[in-house]
*Asks:* 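Here it is, the structure in full.
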Amino acid sequence: MRLGFTPEQERFRAEVADWLETQLSGRFKPLRNLKSQSAMPEERRDWERAMAADGWSVIGWPKAYGGRDASLAEQVIFAEEYARAGAPGRMSHIGVELLGPTLIAFASEEQKARFLPGIASGDDYWAQGYSEPNAGSDLGSLRTRAVLDGDEWVIDGQKIWTSLARHADWIFVLARTEPGSRGSKGLSFLLVPLKQPGITLRPIRQMNGEAEFNETFFDGARTAKENVVGGVGNGWAVAMGLLATERGVSTLGQQMGFIADYDAIVAAARANGAIDDPAIRDRLARAYAGLKIMRATALRILSAEQLPRAALTQKVHWASWYRDLGELAMDVAGQTGEVALPGAETMPRMADLFLSTRAATIYGGTNQIQRNIIAERALGLPREPKG
Amino acid sequence: MRLGFTPEQERFRAEVADWLETQLSGRFKPLRNLKSQSAMPEERRDWERAMAADGWSVIGWPKAYGGRDASLAEQVIFAEEYARAGAPGRMSHIGVELLGPTLIAFASEEQKARFLPGIASGDDYWAQGYSEPNAGSDLGSLRTRAVLDGDEWVIDGQKIWTSLARHADWIFVLARTEPGSRGSKGLSFLLVPLKQPGITLRPIRQMNGEAEFNETFFDGARTAKENVVGGVGNGWAVAMGLLATERGVSTLGQQMGFIADYDAIVAAARANGAIDDPAIRDRLARAYAGLKIMRATALRILSAEQLPRAALTQKVHWASWYRDLGELAMDVAGQTGEVALPGAETMPRMADLFLSTRAATIYGGTNQIQRNIIAERALGLPREPKG
Amino acid sequence: MQFAETSEQTLVAETARGLFADFAATLRETIAGADGFDRAEWMRAVGEMGFGGIAVPEALGGAGLGPVELALVAIESGTALWPSPFVPSIATAIPLLIATGLTEAVPALASGERIATILFAGDAAFTREGDGWRVQVEGLAPFGQAADLLLVVGATRLAVVSTFGAEPRLSLDLTRPLAAVSVDGMADAAVADAGPAIADALDRARVMLAAECLGAAEAALARTVDYAKQRVQFGRAIGSFQALKHRMADMMIATEAARSAVLYAATAAAEGDAGFAEAAAIAHFTAIETLQHCARDQIQLHGGIGFTWEHDAHLFFRRAQGAATLLGTPAASRARLARLIGLDVEAA
Amino acid sequence: MQFAETSEQTLVAETARGLFADFAATLRETIAGADGFDRAEWMRAVGEMGFGGIAVPEALGGAGLGPVELALVAIESGTALWPSPFVPSIATAIPLLIATGLTEAVPALASGERIATILFAGDAAFTREGDGWRVQVEGLAPFGQAADLLLVVGATRLAVVSTFGAEPRLSLDLTRPLAAVSVDGMADAAVADAGPAIADALDRARVMLAAECLGAAEAALARTVDYAKQRVQFGRAIGSFQALKHRMADMMIATEAARSAVLYAATAAAEGDAGFAEAAAIAHFTAIETLQHCARDQIQLHGGIGFTWEHDAHLFFRRAQGAATLLGTPAASRARLARLIGLDVEAA
């Protein structure tokens, strides 16, 4: 076991930091430390293209597809420096982190050639179409259907919790292609152009007032027959493979965001004296320990040859930690933190953390579903009887 | 709503306190503040008879069966004064609190005449025979069986967690009287003499080193044909009725014991300075609040005309509170509290609390079973599908 | 001793329940309005139905009932998350004014004609000037912009102020928004050396806030149970999944404990019981924590829909946090309890 | 950077696992013995297998490996609740002696020939007398009656004592019993002004205790899972009930977090990482709390059988509490962490 980095890796870190500093002090300055995930979409597209131009857009991908085949250590370094520099949340996230690795694993050579370059170059943006109003935790009960009509799939149905859909060009959709099939059978993984008359978006406003997600309505939407990944009827396996890639190095970047949140709470506690309360200090120390443990767990998982059992525990662990952090933020802020500045339409940071972290234990698989998965897959406990 | 007591009730309190003080300063002095539930069995029998002689043994029972038809307020007063005086745990508990009310509700007049006087007079002691090694939470899977042989039931099987069995004369047994029956059907509620060749006891040593419970083996044990309560095959309804009587006023006496434990922890915290730790003070305040809330809940339940939903929450509430109290006791005591006095064979009070409270969330229905009951009976949530 | 509602008390609760259920139908429109509450609802509940004066002595225009009846009304208002200045004006200002003898405004507050809010301040905010008291302070007060009177509450001093600035602010608690208020002028009326009276009145107010939190917690549980019976996933109502059942059972264990704590404290207030201050502290932190717990789990057990703006779950969640700072925090009440029961004095 | 065991490290762990599993078969007899541990087992593991010297420099007779290897052994010893003076003698006394330069006894400790235990004391327990130090103190020390050497540990001072009284006591932790020890005499060797060295050595010891707790917690989980797969109630293996599954999932979430914390801290110790003290504090409180959690739930999920004397669950439960006071409490480590990360100094 080694924690330290080699001199070569430290040179790589300097190179990354340098590039980021140059860009984010220059024309991309407005993007620095941007909190919102969706503000300034045009500038963000430019940013993605600039990263691509200098070979930073998909460093973990194989060289054959425009990546750098970066080592674990390099990916860790890149994620940490990216977050440290205050670089913007990546609008390309779904393409780079989720779809790309899935295509590399499951797609035909033609599909790879058709779709990977656009992701790598920062030209094509993707959205994700999994959940449906009646299939939240239970993906097996999906109803969105796709029917072949000559050379095209025709898609009808509704997806929910589609993130970044407003700025995406494409959406990948898990749809039922065998009429009458149930559960995980008869599903196909389709790549669908998002900007077409058959698709309508409606934003979902969350409890913190923001609208990161959308409902996506498919009403005779179309895509080419060949845009099915992994074969017709094999969508479940592809989707599960995609979910498995979420263990990726991106968790380290997310953790850097958590560190920024933690630091802001400590600063708030110092400013208003909450830090003098031993119970608050104790909770802050616990939160700090959680940060260190999450990082160590991510490094363990990334260092392992085979995906370890620990990977299954990551989601509940960070989600619960983050929810607790939101409560700590509010307890630190006190009543003074419960109001916006004069005339402001948004809540200050502590209150926003309190509200936005509440969703963490729900999206991306509720804590309940995650615990089922841990119990059954990692501990080998029996499934529940069917209803 | 009224919390206070009338002058008449206060006179009753004085009468109770007076009687207890006289007895416990006199010949029963050795029983005062006795912690063990089973020490000095002979003296305890005398104590029960003395209570009976002066009309204090079963004050909540109807006058027709030797009770006083005591009002709620009087029962509350009696329970509180009994505990306050340091009177000993009642060896008659199972007969007085559990079996008596069950017989009054379900038994024939002949059975009442046969069994109630012995309980009221302090001459007959009872043990409880419900759980079996393979039927802990799942009473429906009981296997102990009873077969009619002429004028007698012949009983074979095994019961576990029989409390006070060493000092009991009788045991009530839930046994399968319809061969081949399953679940809650085909069970009968039998009254069985305990001291007979067909019954063997084996003590179960608990994690705190004490042996409050026994395993009870039935190997051709016998009881008269007429000693079945509520009719052959109707044992489940009788047993459930018995469990329902556990809401009784005895919880108030139990709570007085909890107060003594709490007071001992506060005293220990003052003695060793643990009370200077704000986190310890906070936990002590929480524990104190729990005591007050348990008492208020008991009063609500006892005051209600029909058993309120709140009654279903009582067991988990006190059990969890008590388990937490045990952890608080040990955290207060610290390392110094982890050893016995020189040469002693038993742990000091804080450590014993730590160990003995651990069972509270298990015996008498685990917290898990209790939560099922709350969810299904109080909240009307659907049962789980069968396996 | 008889710890059950009388039939009159049950009638009060049922009447309140029906009324607030009516109001709840327009909750979203009401909180979107300029004041964040509806004056017609206010006059109906406080004035016509008499809930404003239910615990006010008849001599001051009230019904002469007591804290138990007021608590039962507060529970029902909480069930509906009724957005109104009920807690500051009726449950807090009135007992403060009665306890300190500044009763002039009480009839108008009890009838709903005037509305009061409260601002906590250090005693240094009050300075003697001639015969009166000058008050200089700023801070946050619930529904401050709609209030006619501001009660500035110090540890031992209390002032009634009718001239003050108030600027509404976007607030975490959308059903009890805060305004930034500022005072710099002479009090209409004031008292000093009133520490015990103020403390007792605030304890009474905390019990009513606790009652309101209890009602909200029970409503959060009831809504969650309803949803869990209807929502189907994996071919079953989600309410049949044991992990979810146990979460709801835990919510009920908490709400029943909170109900015991609140009713006990209200009854102790009614009887002038020596243990009232303890009981108030216990009810306050228990009911607030129960609402926090139930509101949190209401969101969790609703899944994705639970964290949308359109679903009411976040209104409960926000209310819980607002309640946790309105009249002091749960931790502060626990610290007060620790003092009351002698945990922080030396030896015994 | 590569945060995975090397194949050599995996071999160490596997060897240790097999050995301690052998010992576990006779656990009850071993702890019923006079010393509460088995000297043959001790010599086998510490001496023959070399686990006593695994992290000791070769110059002092050790294997010259490091804290990661020692932690892997400690994890496995915890899995088997191995009753022995491993933590006091090997994981605590040796690093204390090395850090303070009092290395004379190290080879004999590392080989298992001699056994040391530790007693925490204030610096006032040490007084200068002539060329040496007089030590006067009494307290509790694990396996004190079996120890050849007692290390008296102050904040800045350390003394090695070979003449001391030790009286075994019935202890909560049956697998690491405490003895009442007393010293009044001249130290064999001692140092003063060694605060930082002592603190660093104790941090190393806490990481090994944490590793041992991690192993015990993982074993508690594994035993609970096994039982839940076999025990049938209501016609199903109880491990198919969702509420129980979720409890076990929570145990695993905790053990994986503790594993990350322990391995990170051990690696930081091996590399002399600047963040080691932080990492040690985190590992210490996390692993102890994880064992407390898992031991508690092991009993709960075993139901009635879980609180009997015959079932091993209470041995884990007792060990957890003993560990929580052995080298300072979890709360103390959190307070230390707060200091290390600057939470209790003014402004930043």
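In what follows, every heavy atom counts, from backbone to side chain, and hydrogens, waters and symmetry copies are set aside. Chain identifiers are assigned alphabetically (A, B, ...) following the order of the sequence lines, protein sequences preceding nucleic acid strands; residue numbering begins at 1 within each chain. Keep in mind that this is a model prediction, so the values were computed, not measured.
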*Asks:* Using atom types as modelled and distance alone, determine if a side-chain donor or acceptor of A/N214 lies under 3.5 Å from a backbone N or O of A/T216.
*Replies:*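 Not confirmed, A/N214 side chain does not pair with A/T216 backbone.
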*Asks:* Taking it one step at a time, do C/Q145 and C/E167 satisfy side chain to side chain donor-acceptor pair (under 3.5 Å)?
*Replies:* CA-CA 6 Å; C/Q145 77 281 7; C/E167 176 200 12; over 6 Å; no
*Asks:* Is a donor from one side chain sitting under 3.5 angstrom from an acceptor on the other, for A/R176 and A/S181?
*Replies:* yes
*Asks:* Given that the side chain runs from C-beta out, which part of A/A344 has a heavy atom under 4.5 Å from chain C: side chain, backbone, both or neither?
*Replies:* backbone
*Asks:* In residues 330-343 of chain A, which residues are in contact with chain C at a heavy-atom separation under 4.5 Å?
*Replies:* A/M330, A/D331, A/G334, A/Q335, A/T336, A/E338, A/V339, A/A340, A/L341, A/P342
*Asks:* Tell me whether C/E138 at atom CD has more than 12 heavy atoms from other residues, nucleotides or ligands lying less than 6.0 Å away.
*Replies:*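 No, because the 6.0 Å sphere around CD of C/E138 holds 12 heavy atoms or fewer from other groups.
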*Asks:* By a 4.5 Å heavy-atom criterion (distance strictly below it), what part of A/N372 contacts chain C: side chain, backbone, both, or neither?
*Replies:* neither
*Asks:* Looking at C/F241, I'd like to know if the NZ or CZ of C/R236 sits under 6.0 Å from its six-membered ring centre while staying within 45 degrees of the ring's axis.
*Replies:* yes
*Asks:* Give a yes or no on whether a salt bridge exists between C/D344 and C/R339, defined as a side-chain N under 4.0 angstrom from a carboxylate O.
*Replies:*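 No.
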*Asks:* Considering only heavy atoms, which portion of A/P133 lies under 4.5 Å from any heavy atom of chain C: side chain, backbone, both, or neither?
*Replies:*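 Only the backbone of A/P133 comes within 4.5 Å of chain C.
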*Asks:* Specify whether A/F213 and A/Y363 have parallel, tilted or perpendicular ring planes, treating 30° as the upper limit for parallel and 60° as the lower limit for perpendicular.
*Replies:*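 Tilted, since the angle between the ring planes falls between 30° and 60°.
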*Asks:* Just do the salt bridge (Lys or Arg N to Asp or Glu O under 4.0 Å) check on C/K229 and C/D226 with the steps written out, would you?
*Replies:* CA-CA 5 Å; C/K229 288 177 181 171; C/D226 285 347; 5.1 Å; no
*Asks:* Taking side chain as everything from C-beta outward and backbone as N, CA, C, O, which of these in C/Q233 sits under 4.5 Å from a heavy atom of chain A? Side chain, backbone, both or neither.
*Replies:*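 Answer is both: backbone and side chain atoms of C/Q233 are under 4.5 Å from chain A.
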*Asks:* Describe, in one word, how the ring planes of C/H314 and C/W309 are oriented to each other, choosing from parallel (under 30°), tilted (30 to 60°) and perpendicular (over 60°).
*Replies:*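 C/H314 and C/W309: tilted rings.
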*Asks:* Under 4.5 Å heavy-atom distance to chain C, tell me which part of A/N208 shows up: side chain, backbone, both or neither.
*Replies:* backbone
*Asks:* Go through the atoms of C/I305 and report whether side chain, backbone, both or neither lie under 4.5 Å from a heavy atom of chain A.
*Replies:* backbone
*Asks:* Side chain, backbone, both or neither: which part of C/R318 has a non-hydrogen atom closer than 4.5 Å to chain A?
*Replies:* side chain
*Asks:* Does any heavy atom of chain C fall under 4.5 Å from the side chain of A/T346, the backbone, both, or neither of them?
*Replies:* backbone
*Asks:* Could you tell me whether the side chain of C/E212 reaches within less than 4.5 Å of the side chain of C/R176, counting heavy atoms only?
*Replies:* yes
*Asks:* Among the options C/A237, C/G139, C/G303, C/A313, pick out the one with the most heavy-atom pairs lying under 4.5 Å from chain A.
*Replies:* C/G303
*Asks:* For chain C, which residues from residues 316-328 of chain A lie under 4.5 Å away (heavy-atom distances)?
*Replies:* A/E327
